[in-house]
2 protein chains.
Amino acid sequence: MPRTTLKNIAQAAGLSTTTVSLVLNDKPHHISKKKCQLVKDLAIKMNYRPNRLAVGLIKKQSKNIGLIVPDISNAFFAEMTKGVEDIVRSNKYNLLLCNSNGRNNLELECINMLADSSVDGLIITMSPESFGAKEQLSLNALKSLGLHAVIVDSFNEINQFSTVSIDNFQAACSAVEYLISLGHKRIACITGPIGPKTTENRLNGYKYSLKKHNISYNENMVFHGDYHYQSGYDAVAVLLANKPTAIFCLNDQMAYGAVKALKKQGLRVPDDISVIGFDNIFFSQMVEVPLSTVSQPIYKLGEKAAQILITELTTKQKTQHLVLEHTLKIRQSTAKINN
Amino acid sequence: MPRTTLKNIAQAAGLSTTTVSLVLNDKPHHISKKKCQLVKDLAIKMNYRPNRLAVGLIKKQSKNIGLIVPDISNAFFAEMTKGVEDIVRSNKYNLLLCNSNGRNNLELECINMLADSSVDGLIITMSPESFGAKEQLSLNALKSLGLHAVIVDSFNEINQFSTVSIDNFQAACSAVEYLISLGHKRIACITGPIGPKTTENRLNGYKYSLKKHNISYNENMVFHGDYHYQSGYDAVAVLLANKPTAIFCLNDQMAYGAVKALKKQGLRVPDDISVIGFDNIFFSQMVEVPLSTVSQPIYKLGEKAAQILITELTTKQKTQHLVLEHTLKIRQSTAKINN
DNA sequence: CTGTTAGCGCGTTCAA
DNA sequence: TTGAACGCGCTAACAG
């Protein structure tokens with residue numbers, strides 16, 4: 001049995017579809033109270049609900065918003081997505097979810113598919129691959145498709161899209177400064193893939209803070225991981241050669257891996273070596289050694305992105321670059337240097 | 001600048017929209033090679049992409065699939081969603097994501113919104129509230145809207161929808177039997193909210209295995225949690241009164257909470273008390289004491305659900321009830337009884 | 001106060 | 001070999 005359409009209820013009421021449409025959409029009209037009531041009753045009785053595709057086609061707005069993330073099964077993106085979803089839904093939009101699997105070409109496909117679905121706008125966290133020329137590819141796609149977009153976890157002053165993120169440079173500084181305040185001088189760093197601004201900024205914060213405290217920067221104290229658990233684990237074997245007393249991991253997942261590897265090497269965290277992470281995903285309070293970390297307001301990042309997008313969509317407001325506050329979350333994986 | 005439409009390219013080619021449509025959709029036709037080529041070239045040059053809303057409206061299939069989960073920020077659902085998304089996308093569908101926040105009324109709203117968006121079908125994990133009469137509410141909504149649906153993590157032989165899940169009863173049995181094989185007799189259980197079949201089946205498995213081994217069932221050894229970390233933590237204070245030597249938690253999150261509380265009480269896991277979980281979410285290998293648990297094929301649950309749905313959509317295949325294999329994942333939170 | 005007409009962008013008869 | 005005409009379900013202009 002097909003859904004009841006405007007026409008169905010128009011027929012049942014003996015009126016035109018226009019009349020019914022006017023009444024049901026609360027448009028200004030001059031239709032008799034009785035007919036109004038008739039239409040409304042009928043709509044309820046026949047369980048009428050407008051077809052969003054048809055409305056979207058004519059109004060040129062689908063009431064759909066797209067979200068592109070590298071990997072929804074990653075705790076960071078899952079929590080961010082929740083923030084997006086809550087705002088989107090409370091504004092009567094639907095959310096189209098896409099995974100780019102961290103690949104720039106898939107990201108481009110997602111952008112196109114979402115455009116094909118006439119999304120009113122989209123929220124995107126660029127894939128790790130999308131930096132430099134490839135980032136431009138994505139940005140240009142968005143631009144040429146005339147899409148409204150908000151970019152999360154990336155800060156690009158010169159582009160025409162709104163952004164939401166924390167100040168990754170300062171956040172990294174605060175983590176490293178904290179380590180230094182604990183007496184650490186031999187501070188290693190496990191990074192994500194080199195290229196994206198987010199990673200660059202964190203790494204620059206690390207370098208800056210070292211320099212500021214007259215600690216010379218040693219390339220061998222930096223391991224380039226990929227933001228996954230395993231790379232944090234693998235990094236330890238390499239970094240230990242340089243006898244660090246602390247390790248700054250550019251995300252929590254890699255910190256978990258590092259802690260695990262350290263334990264396997266017979267080193268105690270934080271007694272023998274300190275580890276600090278970045279993100280403060282939910283599980284960081286529950287891992288073997290509750291993780292000290294730079295806390296990002298992950299859920300809020302998603303919320304704000306959605307709010308900004310919807311605001312841009314409804315009012316004709318210009319783009320903005322929102323920087324959310326980070327905090328340092330001290331738990332038990334860091335301690336004063338001990339020697 | 002608006003997107004190029006069929007009409008645009010028809011004009012540019014000096015042909016009718018019909019001709020263009022025929023060519024671009026590879027429909028049987030008798031159009032000269034040259035014109036064919038012209039159309040195809042133009043389509044590429046003008047970057048033509050069909051409007052999915054328009055196509056959906058006319059074909060009566062939107063190529064959209066809906067997914068309703070209680071909470072996408074929950075690691076279990078995030079991973080399941082990834083499985084769904086991968087299959088959905090590789091079949092050229094789009095995914096509409098909805099959170100029910102665990103509430104039946106929101107679940108109903110989601111179902112309606114998805115129906116309004118003309119989704120071709122949907123995948124749903126019922127909210128914990130949706131059991132008994134409330135479950136029927138959701139089921140009836142799906143039915144009366146004529147929606148194709150696949151239900152994940154729930155098994156209901158009498159309904160008309162396909163289901164995908166593991167055998168929760170057997171899975172619970174295997175966990176408890178394992179504990180018993182380790183010599184445990186005083187086995188406590190931390191459950192989720194009572195009502196949903198999934199929880200009931202696990203609890204019944206627990207009871208059945210106890211009985212099978214002549215261990216009398218003691219109501220005070222069962223704590224009714226809510227599947228969240230905190231309730232696992234809170235349960236311990238209550239359960240300890242009955243001196244259990246092992247605790248069976250109906251999901252991993254609560255197991256983490258239990259382990260944490262146990263530690264706080266000065267008890268060592270597994271030396272003083274064993275803990276076993278359920279789900280095997282990704283983090284269970286990384287928590288303080290790597291968790292022994294019943295492993296569900298979470299990603300596969302999502303994959304299979306999507307595959308079944310798409311199969312039902314394309315071929316007119318009847319519903320099926322797929323039961324996936326679980327396994328027991330023994331890690332370090334369980335040990336032989338020690339007294 | 002209400003209905004007719006037109007069309008959003010597309011696919012599908014049918015006639016030419 | 002091609003195109004005009006129709007309709008998916010709906011809204012918006014303009015009549016009347």
Side-chain angles (χ1 to χ4, degrees), chain A residues 1-40 42-43 46-64 112-113 115-120 145-146, chain B residues 1-40 42-43 46-64 115-120 145-146:
Chain A
M1 66 211 89
R3 285 165 72 96
T4 66
T5 69
L6 253 200
K7 197 194 279 180
N8 294 152
I9 120 152
Q11 283 173 335
L15 296 169
S16 80
T17 58
T18 311
T19 310
V20 177
S21 174
L22 252 26
V23 173
L24 261 23
N25 290 309
D26 283 320
K27 286 286 165 68
H29 64 262
H30 311 266
I31 296 165
S32 66
K33 291 282 176 210
K34 310 124 197 188
K35 294 196 174 177
C36 267
Q37 202 51 53
L38 173 64
V39 167
K40 285 178 180 170
L42 237 32
M46 299 173 75
N47 193 29
Y48 171 74
R49 312 196 103 236
N51 181 321
R52 290 177 80 126
L53 296 191
V55 177
L57 193 54
I58 192 164
K59 285 235 198 108
K60 287 177 180 307
Q61 59 155 359
S62 62
K63 278 282 186 176
N64 283 162
N112 280 318
M113 267 194 95
D116 295 349
S117 293
S118 308
V119 291
D120 297 334
L145 289 166
Chain B
M1 69 212 85
R3 286 166 71 96
T4 66
T5 69
L6 254 199
K7 197 195 281 181
N8 294 152
I9 120 153
Q11 283 172 336
L15 296 169
S16 79
T17 58
T18 312
T19 311
V20 177
S21 173
L22 252 28
V23 173
L24 260 25
N25 289 308
D26 282 322
K27 284 288 162 69
H29 64 261
H30 310 267
I31 295 165
S32 64
K33 291 281 175 213
K34 310 123 197 187
K35 294 196 174 179
C36 266
Q37 202 51 52
L38 173 63
V39 167
K40 284 178 180 171
L42 238 32
M46 300 173 74
N47 193 28
Y48 171 73
R49 313 198 102 234
N51 181 320
R52 296 188 119 202
L53 296 191
V55 176
L57 194 54
I58 194 165
K59 286 235 198 107
K60 285 175 181 308
Q61 60 154 357
S62 62
K63 277 281 186 177
N64 283 162
D116 295 348
S117 292
S118 308
V119 290
D120 297 334
L145 290 165

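Naming: A, B, ... by sequence-line order, numbering from 1 per chain.
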- Item | L15(A) versus K35(A), closest heavy-atom pair with distance | CD2-CD, 3.9 Å
- Earliest and latest nucleotide of DNA chain D, 5' to 3', sitting under 4.0 Å from a non-hydrogen atom of chain A? dC8(D) to dA13(D)
- Task: Give, for atom CD of Q11(A) and atom OG1 of T4(A), the distance between the pair rounded to the nearest 0.5 Å.
- Result: 11.5 Å
- Item | Donor-acceptor pair, side chain of S117(A) and main chain of V119(A), under 3.5 angstrom | no
- Note on the structure: Protein heavy-atom contacts under 4.0 Å, written 5' to 3' over nucleotides 4-11 of chain C as B (base), S (sugar-phosphate only) or - (none), form the string B--BBBBB
- Item | Chi angles and distances behind the side chain to side chain contact (heavy atoms under 4.5 Å, CB included) call for N47(A), R3(A) | CA-CA 8 Å; N47(A) 193 29; R3(A) 285 165 72 96; over 6 Å; no
- Message: On a heavy-atom basis, which atom in Q61(B) and which in D120(B) lie closest, and how many Å separate them?
- Response: CA-OD1, 3.2 Å
- Given the options N25(A), T19(A), T18(A), T17(A), S21(A) meets side chain to side chain donor-acceptor pair (under 3.5 Å) only with N25(A)
- Query: Looking only at heavy atoms, which two atoms of V55(B) and P50(B) are closest? And how far apart?
  - Reply: CG2-CB, 4.2 Å
- Message: side chain to side chain contact (heavy atoms under 4.5 Å, CB included), that's the test. Do I9(A) and L24(A) meet it? Break it down for me.
- Response: CA-CA 11 Å; I9(A) 120 152; L24(A) 261 23; 4.2 Å; yes
- Query: For M46(A) and N8(A), which heavy atoms make the closest approach, and how far apart are they?
  - Reply: CE-CB, 4.1 Å
- Pairwise side-chain contact, Y48(B) with V20(B), heavy-atom cut-off 4.5 Å (strictly under): no
- Sorted by number, residues from residues 31-40 of chain A placing a heavy atom under 4.0 Å from DNA chain C are I31(A), S32(A), K35(A)
- Students should find that the end-to-end axis angle of the helix from dC1(C)-dG16(D) to dA16(C)-dT1(D), with five pairs defining each axis and rounding to 10 degrees, is 60°
- Full working for side chain to side chain contact (heavy atoms under 4.5 Å, CB included) between L6(A) and N51(A): CA-CA 9 Å; L6(A) 253 200; N51(A) 181 321; over 6 Å; no
- Partners meeting side chain to side chain donor-acceptor pair (under 3.5 Å) with S118(B) (sequence neighbours left out): none
- Item | Residue pair R49(B) / M113(A): nearest heavy atoms and the distance that separates them | NH1-N, 4.2 Å
- Tightest non-hydrogen contact, residues L57(B) and L53(A), listed as N-CD1, 3.9 Å
- Task: Hey, could you give me the OG/CZ distance between S62(A) and R52(A), rounded to the nearest 0.5 Å?
- Result: 8.0 Å
Dump every N/O contact between nucleotides 14-16 of chain C and the protein below 3.5 Å, one line per pair.
none

